[in-house]
Protein chains: 2
Amino acid sequence: MPKRNAFYAQSGGVTAVINVTACAVIETARRHRDRIGKVFAGRNGIIGALTEDLIDTSKESSRAIAGLMHTPAGAFGSCRYQLAEFDRDRTQYERLIEVFRAHDIGYFFYNGGNDSADTCLKVSRISARLGYPISAVHIPKTVDNDLPITDCCPGFGSVAKYVATSMREAAFDVASMAKTSTKIFVLEVMGRHAGWITAAVGLADDKDTPIPLVLLFPEIRFDEAKFLAQVDAGVKKFGYCCVGVSEGLLNAAGGLMAEAGTKDAFGHAQLGGVGPLIASLVKAKLGYKYHWAVADYLQRAARHLASKTDVLQSYAVGKAAVELALKGENAVMPAILRTSDKPYRWKIGVAPLDKIANVEKKLPRDFISADGYGITAKARAYLEPLVRGEDYPPFKGGLPQYVRLKNVAVPRKLAAAFKV
Amino acid sequence: MPKRNAFYAQSGGVTAVINVTACAVIETARRHRDRIGKVFAGRNGIIGALTEDLIDTSKESSRAIAGLMHTPAGAFGSCRYQLAEFDRDRTQYERLIEVFRAHDIGYFFYNGGNDSADTCLKVSRISARLGYPISAVHIPKTVDNDLPITDCCPGFGSVAKYVATSMREAAFDVASMAKTSTKIFVLEVMGRHAGWITAAVGLADDKDTPIPLVLLFPEIRFDEAKFLAQVDAGVKKFGYCCVGVSEGLLNAAGGLMAEAGTKDAFGHAQLGGVGPLIASLVKAKLGYKYHWAVADYLQRAARHLASKTDVLQSYAVGKAAVELALKGENAVMPAILRTSDKPYRWKIGVAPLDKIANVEKKLPRDFISADGYGITAKARAYLEPLVRGEDYPPFKGGLPQYVRLKNVAVPRKLAAAFKV
């Protein structure tokens with residue numbers, strides 16, 4: 001087999017551990033120098049390929065690449081950009097082939113979620129449709145944990161650990177204040193369409209550390225009266241109550257609660273999120289003093305509190321992707337397969353990409369308690385192994401030391417620019 | 001000297017390390033069993049003393065007390081409650097003496113901020129005014145870092161570490177997304193009257209890790225045009241910009257920005273905080289896509305990311321408080337005195353409480369850069385040692401294991417109840 005170069009890019013919302021996967025791809029490729037020349041990273045995802053804006057990762061030392069293991073977010077830049085349908089506009093695909101050919105790229109690794117899997121699938125079809133030989137492998141990454149087939153998605157375990165830890169810490173705080181001050185604490189979390197992150201908040205409460213906790217899942221339509229009764233019962237019994245709410249909570253009519261009429265000082269809708277809205281509702285109807293937090297990017301960037309399991313799996317999928325490509329596979333994704341709950345065991349399998357792209361895995365109903373406000377034992381058995389283990393970054397002068405690569409551009413070979 | 005019991009209580013907003021001080025008070029008292037009988041903790045601060053709701057800490061094992069070292073928030077409950085002026089209403093003071101006498105309490109330790117120092121000062125005057133012998137020692141604690149005389153306040157260093165780390169992590173995230181998506185990230189932090197926490201956000205940006213960062217201090221009135229120009233310059237130069245804003249930011253007229261006309265779906269003012277307001281302003285005026293986070297209680301409860309320096313100082317002030325009381329001191333507070341910046345060295349001194357109570361130490365103007373949007377080298381030299389060192393709690397199954405004490409009530413000896 002001739003030696004060819006590889007393209008790797010990061011796509012969609014970044015995570016605390018997507019760079020761990022980048023590290024795995026580059027390190028594994030470097031161990032196969034007989035088959036893989038250089039790894040070119042796309043600057044800002046697929047846009048880097050379209051605009052021939054490639055980064056030469058061979059310019060980075062082993063030490064710098066190893067630093068990606070503990071550095072959050074996307075070291076090469078990410079993007080939110082979808083390719084057009086092949087039959088509607090083939091110019092993008094022709095351009096990709098031009099760029100791939102100019103740089104002798106034979107391996108395409110795309111690291112992302114549902115939308116990105118769709119992009120990778122489209123690229124994988126270049127082989128058959130336009131006769132350019134390429135192995136396109138999608139590598140899973142999404143804090144939303146909503147990819148099918150794979151048992152979990154790299155990035156999710158660390159967010160889960162962050163939100164559960166944060167809720168537990170805040171619960172201790174509000175419990176201390178409840179006698180004369182704050183009685184309600186609301187934490188808004190990510191996961192617009194699927195309640196995996198909301199479910200993870202539920203881990204804050206366990207038998208060693210019981211916490212009155214009400215969860216509002218995007219899968220369960222909001223019922224104001226029932227919710228208020230639930231919160232009131234918590235306060236009556238424990239003196240305080242905590243609420244974990246998904247940013248994607250829907251009202252009875254199926255509309256986003258976050259868009260329910262909030263206006264800012266400039267007259268724009270949706271200034272606050274659903275977290276402050278829920279807090280304000282409790283105050284208006286039950287009279288309890290509240291605090292609320294919206295963790296937003298903090299939750300998915302918190303490399304300082306990453307899950308060790310997540311780090312190991314993020315590395316494993318990157319390594320497996322390169323190995324799959326070397327076997328000549330195309331249009332596939334390495335998937336995490338759980339082989340045992342207790343003890344937790346997993347291995348890497350292979351999923352066909354056409355079963356992944358644009359499919360969303362919602363939280364199963366039997367992960368949510370019958371009343372709709374908590375998680376079941378089944379959910380705990382699923383979630384607990386994913387947050388296990390700590391993997392602290394190095395600190396210097398009290399702050400985590402994250403690496404920034406040099407990101408040296410590969411000299412352009414094509415005369416024409418391409419407008420994205 | 002006769003052996004007498006001690007009273008310890010936690011007051012005001014709790015912190016990630018106030019229980020470290022509780023541990024120090026109890027452990028130090030236990031090492032002086034010849035002089036100090038039992039340590040009774042007030043359930044919910046001074047309210048526990050007034051209502052004779054005391055907790056017998058002697059019922060807790062050494063191991064449980066040691067667990068306070070890594071447990072955030074107030075293990076005995078806190079309160080927001082100020083005693084009346086002595087001359088206006090002496091019934092509260094007479095009640096305190098009744099309770100102290102009934103339980104043979106000769107040492108009073110109050111662990112809090114400015115308001116709590118006032119309470120402790122009032123209690124200290126019982127000796128002279130009502131003839132009841134007591135040593136009242138205030139122990140500093142406030143994330144706001146606004147107590148005078150002491151170089152810093154226990155609790156602040158850990159919040160500082162949390163907000164600087166969080167901003168750095170989020171900055172890496174937004175930098176990854178900026179090409180096609182989010183260009184502005186706003187983090188709202190605590191510190192309503194003094195900008196110490198806002199200044200700490202500035203540590204996220206340093207020479208190893210430059211970040212375009214605009215800080216909005218409560219000490220500097222908001223100037224919309226100037227602020228927008230600053231943010232726009234960041235985006236033009238780096239492709240993105242981060243903003244750290246104090247919850248107490250004031251508009252040109254001196255009013256709280258957070259109250260500037262925001263209404264929720266139920267018509268109540270101030271649904272969101274100033275963070276979302278600033279983000280929304282940038283979008284409206286400059287058109288950049290934004291994300292915002294409000295860390296709220298997460299920042300002050302984040303024991304998982306406590307500063308080791310803060311932990312050591314929190315212990316030192318608790319130990320010193322007991323030693324001061326044993327020397328017969330009254331109306332004093334152990335203070336942290338910085339003796340050297342490089343290397344950072346500190347020792348414990350003594351401050352008279354009447355110089356502490358109700359005095360607020362603002363961020364000095366020379367800690368803020370000339371343009372009003374950043375921190376100076378002087379601020380860095382002050383802040384950096386305070387966030388230094390990590391002190392992770394134990395984890396079990398992926399989550400921090402925080403202790404809950406038994407909090408066994410001391411049998412009541414007084415017939416009369418007292419209404420607070």
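Source: prediction; values computed, not measured. Proteins get letters first, then strands, A, B, ... in listed order; numbering begins at 1 in each.
Within residues 11-19 of chain B, the residues having any heavy atom closer than 4.5 Å to a heavy atom of chain A are B:Gly12, B:Gly13, B:Val14, listed by residue number.
In terms of heavy-atom proximity, B:Asp296 sits nearest to A:Ala293 at CB-CB, 3.9 Å. B:Pro400 and A:Thr165 get closest at one heavy-atom pair: CD-OG1, 3.4 Å. Here the shortest heavy-atom pairing between A:Ala73 and B:Phe172 reads CB-O, 3.2 Å.
Both the backbone and the side chain of A:Ala164 have a heavy atom closer than 4.5 Å to some heavy atom of chain B. Within the 4.5 angstrom heavy-atom criterion, no atom of A:Lys283 approaches chain B. Proximity to chain A is absent for every atom of B:Leu386, based on heavy atoms less than 4.5 angstrom apart.
Summarising the geometry, atom CZ belonging to A:Arg80 is positioned 4.0 Å from atom CE belonging to B:Met177; distances are rounded to the nearest 0.5 Å. Atoms CG and CG, on A:Leu298 and B:Leu187 in that order, are 6.0 Å from each other to the nearest 0.5 Å. Taking OG1 of A:Thr209 as the reference point, atom NZ of B:Lys396 lies at 8.0 Å (rounded to 0.5 Å). Interatomic distance, NE2 of A:His304 versus CD of B:Glu390, reported as 11.0 Å (0.5 Å rounding).
A side-chain N or O of A:Thr182 and one of B:Tyr297 form a donor-acceptor pair less than 3.5 Å apart.
Below 30°, between 30° and 60°, or above 60°: for A:Tyr392 and B:Tyr392 the angle between ring planes is below 30°, a parallel geometry.
Using a 4.0 Å cut-off between charged side-chain N and carboxylate O, B:Asp208 and A:Arg404 make no salt bridge.
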